[in-house]
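Written below as structure tokens is the structure these notes are about.
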Amino acid sequence: TAYEIKECDWSSDVCSSDLYNNATASAYYDIYLQTSSDYNTIQYNNATALTDAIRLDSSSNNIIRDNNATTSSKSIALSFSSYNNITNNNATASSDYAIYLDSSNNNNNFTNNILDTAGTSVYWFDANSGTGNRFLQNNITGSVWFDDLEGGNYYNDSTKGNIYYF
């Protein structure tokens, strides 16, 4: 893991500041926000990893923006994470998922991202993976655009939508 942010006590410089760099890891994760890593800004990174380029576990209210997330498996992965803003990222997965969501991800906003994969662009692990998530103004390329198991998420509204490519 190039960067790993664990539970913060708010006296840490990492918890109170932005993370921006050219992170590159040959490990499983490149940027990994772990349990209660809240209110961080992750921006301007070239995140490349074996499985998850950017991963959030039990993290909320983070801003993930202007990153290049590249992997063969899951470009951006969330688990038990809510109220995050994921915007202006280039998420590329050579085989599996550009966005992977498992277990209780609610009210996240995915806006103006480029999602590019040979597999499923946005994949929900199960029907309990979350609700109230918004996907708007994204450029989406994949063999399957969305697989959310009827999860109560939003992919278009009356004024904004996504651009889909095969």
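Since the structure is predicted, the reported quantities are computational estimates derived from the model, not experimental observations.
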Exercise. Asn67 and side-chain contact (heavy atoms from CB on, under 4.5 Å): which partner among Ile54, Asn46, Asn90?
Worked result: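 For Asn67, the side-chain contact (heavy atoms from CB on, under 4.5 Å) test succeeds with only one of Ile54, Asn46, Asn90, which is Ile54.
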Problem set entry | Member of Asp102, Asp57, Ile64, Asn105 meeting the side-chain contact (heavy atoms from CB on, under 4.5 Å) criterion with Leu78 | Asn105
Minimal non-hydrogen separation, [X] against [Y], with atom names:
{"X": "Ala53", "Y": "Ala47", "answer": "CB-O, 3.5 Å"}
{"X": "Ile76", "Y": "Ala69", "answer": "CG1-CB, 4.1 Å"}
{"X": "Ser82", "Y": "Ser104", "answer": "OG-O, 4.2 Å"}
{"X": "Gln137", "Y": "Thr111", "answer": "OE1-CG2, 3.9 Å"}
{"X": "Asn113", "Y": "Asn89", "answer": "OD1-N, 2.8 Å"}
{"X": "Ser94", "Y": "Ser72", "answer": "OG-CA, 3.2 Å"}

Exercise. Are a donor atom and an acceptor atom from the side chains of Asn108 and Asn133 found within less than 3.5 Å of each other?
Worked result: yes
For this session: May I ask whether Leu101 and Ile63 are part of the same hydrophobic cluster, defined by side-chain heavy atoms of I, L, V, M, F, W, Y residues being less than 4.5 angstrom apart, directly or through others?
Result: no
For this session: Assign the ring pair Phe135 / Phe110 to parallel, tilted or perpendicular, where the plane angle (0 to 90°) is split at 30° and 60°.
Result: parallel
For this session: Assess whether side-chain contact (heavy atoms from CB on, under 4.5 Å) is satisfied between Thr131 and Tyr154, documenting all intermediate values.
Result: CA-CA 9 Å; Thr131 61; Tyr154 307 96; over 6 Å; no
For this session: Might you work through the side-chain contact (heavy atoms from CB on, under 4.5 Å) test for Asn40 and Leu33, ending with a clear yes or no?
Result: CA-CA 9 Å; Asn40 295 288; Leu33 275 66; 4.0 Å; yes
Distance check, rounded to the nearest 0.5 Å: [X] atom [atom1] versus [Y] atom [atom2]?
{"X": "Asp52", "Y": "Tyr29", "atom1": "CG", "atom2": "OH", "value": "5.5 Å"}
{"X": "Arg65", "Y": "Asn45", "atom1": "CZ", "atom2": "CG", "value": "12.0 Å"}
{"X": "Ile114", "Y": "Asn139", "atom1": "CD1", "atom2": "CG", "value": "5.5 Å"}
{"X": "Leu50", "Y": "Lys74", "atom1": "CG", "atom2": "NZ", "value": "12.0 Å"}
{"X": "Ser37", "Y": "Tyr32", "atom1": "OG", "atom2": "OH", "value": "9.0 Å"}
{"X": "Arg134", "Y": "Asn107", "atom1": "CZ", "atom2": "CG", "value": "8.5 Å"}

Could you tell me if the side chain of [Y] sits less than 4.5 Å from the side chain of [X], heavy atoms only?
{"X": "Leu56", "Y": "Asn84", "answer": "yes"}
{"X": "Phe80", "Y": "Asn106", "answer": "no"}
{"X": "Tyr97", "Y": "Val122", "answer": "no"}
{"X": "Phe125", "Y": "Tyr100", "answer": "yes"}
{"X": "Asn62", "Y": "Ile42", "answer": "no"}
{"X": "Ile99", "Y": "Leu115", "answer": "yes"}

Is a side-chain donor or acceptor of [X] paired with a backbone partner of [Y] at a separation under 3.5 angstrom?
{"X": "Thr120", "Y": "Val144", "result": "no"}
{"X": "Ser143", "Y": "Gly119", "result": "yes"}
{"X": "Thr117", "Y": "Ala93", "result": "yes"}
{"X": "Ser59", "Y": "Asp38", "result": "no"}
{"X": "Asn112", "Y": "Thr87", "result": "no"}
{"X": "Ser81", "Y": "Ser79", "result": "yes"}

For this session: Step through it carefully: locate the ring centre of Tyr123, locate the ring centre of Phe146, and say whether they are under 6.0 Å apart.
Result: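 Tyr123 vs Phe146: aromatic centres not under 6.0 Å.
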